[in-house]
There are 2 protein chains.
Amino acid sequence: MTQTDTKIRLLDAAESLFSQQGFTSASLRAITTAAQANLAAANYHFGGKEALLSAVLERRLLPLNQQRSDRIDQVLAAATTAGTRPEVEALIRAFIEPTFAFRRDKNGSSEFISIIGRAMTSADPLVRDLFLALVQPLFSQLHQALCQALPQLTPQLIFTRLFFTMGAMGHCICFPGMSQIFNGNSASNPEDDIFMTNNLIRFVTAGLEAPC
Amino acid sequence: MTQTDTKIRLLDAAESLFSQQGFTSASLRAITTAAQANLAAANYHFGGKEALLSAVLERRLLPLNQQRSDRIDQVLAAATTAGTRPEVEALIRAFIEPTFAFRRDKNGSSEFISIIGRAMTSADPLVRDLFLALVQPLFSQLHQALCQALPQLTPQLIFTRLFFTMGAMGHCICFPGMSQIFNGNSASNPEDDIFMTNNLIRFVTAGLEAPC
DNA sequence: GTCTATACGATGATAGAC
DNA sequence: GTCTATCATCGTATAGAC
């Protein structure tokens, strides 16, 4: 097996186990065993457990953030062309929809976003900062766009409400099978996820647009 | 020292360290050392690390839930007397305000609620269920009250939006010093907490009241 | 360069002496 | 009730095989 194979198998195994058991509880022994690699392979290829998490996060989050950033830019460009202000719901949809669509992808990354949901509120500052550094540019971009959409609100208030939005969203993505309970289904269903996504978008849009 | 003293000192030390480092990362050795007790004392008095967390949660959460439950009942009683429907904002305020007021109390429990913020989304089902079992009655009570306040919405949709509310709130209580950054203050300030609390109440009230 | 085997200190937990 | 001794397991580091 080549180096690339081992690295990818380690990333896949780590992603799955971090998602199921959490960062602290998932042991390097369990991860390397699942990846059919030696215990020391994780340290050799990534440098440590923390660096392995960082690689797991970057692999999925960088493309996802690019996708969300592009969609926000599209909304802004369309508003500029039309000579109007961008709509809050369109901006929020650009931010939230790709995140949940990730879960329905067939490329084996369905478990990933529960990791970032927990990294966001981790008690470990190293884990938290790992995530925050990766989303900070996107967060700033969205904040700036929302300031254009909501000129009657102060940037500070929009920042606060964006923080609440991150919380509501983070809670939803912590549990891969959560969306189905909203419909009382026993088995997971792509429609449950879409139902939850649309309701979340409506909820936070109303919260962001609330009068001051 | 009496048994009671040791138990309380263990609870205090566990509360502080669980809050600062998280449940998994806070070691029993650090907790018992901080409590000036033997390593085995935690196992003797509580039965294990998980049971210690359970005791930490119950000590603060049962009185807090009683307080929140009473305030919800007061809102419902006042509405009945006035012959009107209860207001969403009043119900949400009854639920959220005591939670954040907890943080400003001087009895050394200021660190506590960050524990429940993380227990809510813990990857460990045992930890999560510990918290869920403690708040389930209160959650049902609030859901039922909101169904009275929002008769135009289905109970299922209200449940979904209450889930988002828990997420936004849980995110806020994960970080003891988070509220101050909204005002750009360098030092923590009770007014920052009140500012954040009021903005959170306005945000989730607007989200809950959003048209279907 | 890649990978394996192995050792080290620290952890949660428990049994049994006192 | 309290404490010591002990065990399996954790993340990490390193020496050496291929």
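FYI, side chains are in, hydrogens and waters are out, and symmetry mates aren't considered; it's all heavy atoms of this structure. Each chain gets a letter, A, B and so on, in the order the sequences are listed, and its residues count up from 1.
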I'd like a table of donor-acceptor pairs (distance under 3.5 Å, sequence neighbours excluded) in which one partner is a side-chain atom from residues 133-145 of chain B, with atom names and distances.
| from | atom 1 | to | atom 2 | distance (Å) |
| --- | --- | --- | --- | --- |
| B/Q136 | NE2 | B/S140 | OG | 2.9 |
| B/S140 | OG | B/Q136 | O | 3.3 |
| B/Q141 | OE1 | B/S69 | OG | 2.8 |
| B/Q141 | NE2 | B/S69 | O | 3.2 |
| B/Q141 | NE2 | B/S69 | OG | 3.3 |
| B/Q141 | NE2 | B/D73 | OD1 | 3.1 |
| B/H143 | NE2 | B/P155 | O | 2.9 |

A/D5/A/R9 under side-chain contact (heavy atoms from CB on, under 4.5 Å): CA gap, chis, key distance, verdict: CA-CA 6 Å; A/D5 285 338; A/R9 275 183 290 115; 4.3 Å; yes
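- For C/dC3, the OP1/OP2 oxygens have a side-chain nitrogen or oxygen of A/H45 closer than 4.0 Å.
- Within the structure, a side-chain polar atom (N or O) of B/Y44 is placed less than 4.0 Å from OP1 or OP2 of D/dG1.
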Under 4.0 Å protein heavy-atom contacts per nucleotide of nucleotides 11-18 of chain C, with B for base, S for backbone only and - for none: BBBB----
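- Distance check, rounded to the nearest 0.5 Å: CZ of B/F164 to CZ of A/R202 gives 10.5 Å.
- The distance from atom CZ of A/F46 to atom P of C/dG1 is 18 Å, rounded to the nearest whole Å.
- Looking only at distances, no side-chain donor or acceptor of B/S25 sits under 3.5 Å from a matching main-chain atom of B/G22.
- The interatomic distance linking A/N38 (CG) with D/dA13 (P) rounds to 15 Å, in whole Å.
- Protein atom CG of A/L53 is 13 Å distant from nucleotide atom P of D/dG11, rounded to whole Å.
- Put simply, CE on A/M196 and CZ on B/F163 are 6.5 Å apart, with the number rounded to the nearest 0.5 Å.
- For A/E97, the CD atom counts as densely surrounded, since its 6.0 Å shell holds more than 12 non-hydrogen atoms of other residues, nucleotides or ligands.
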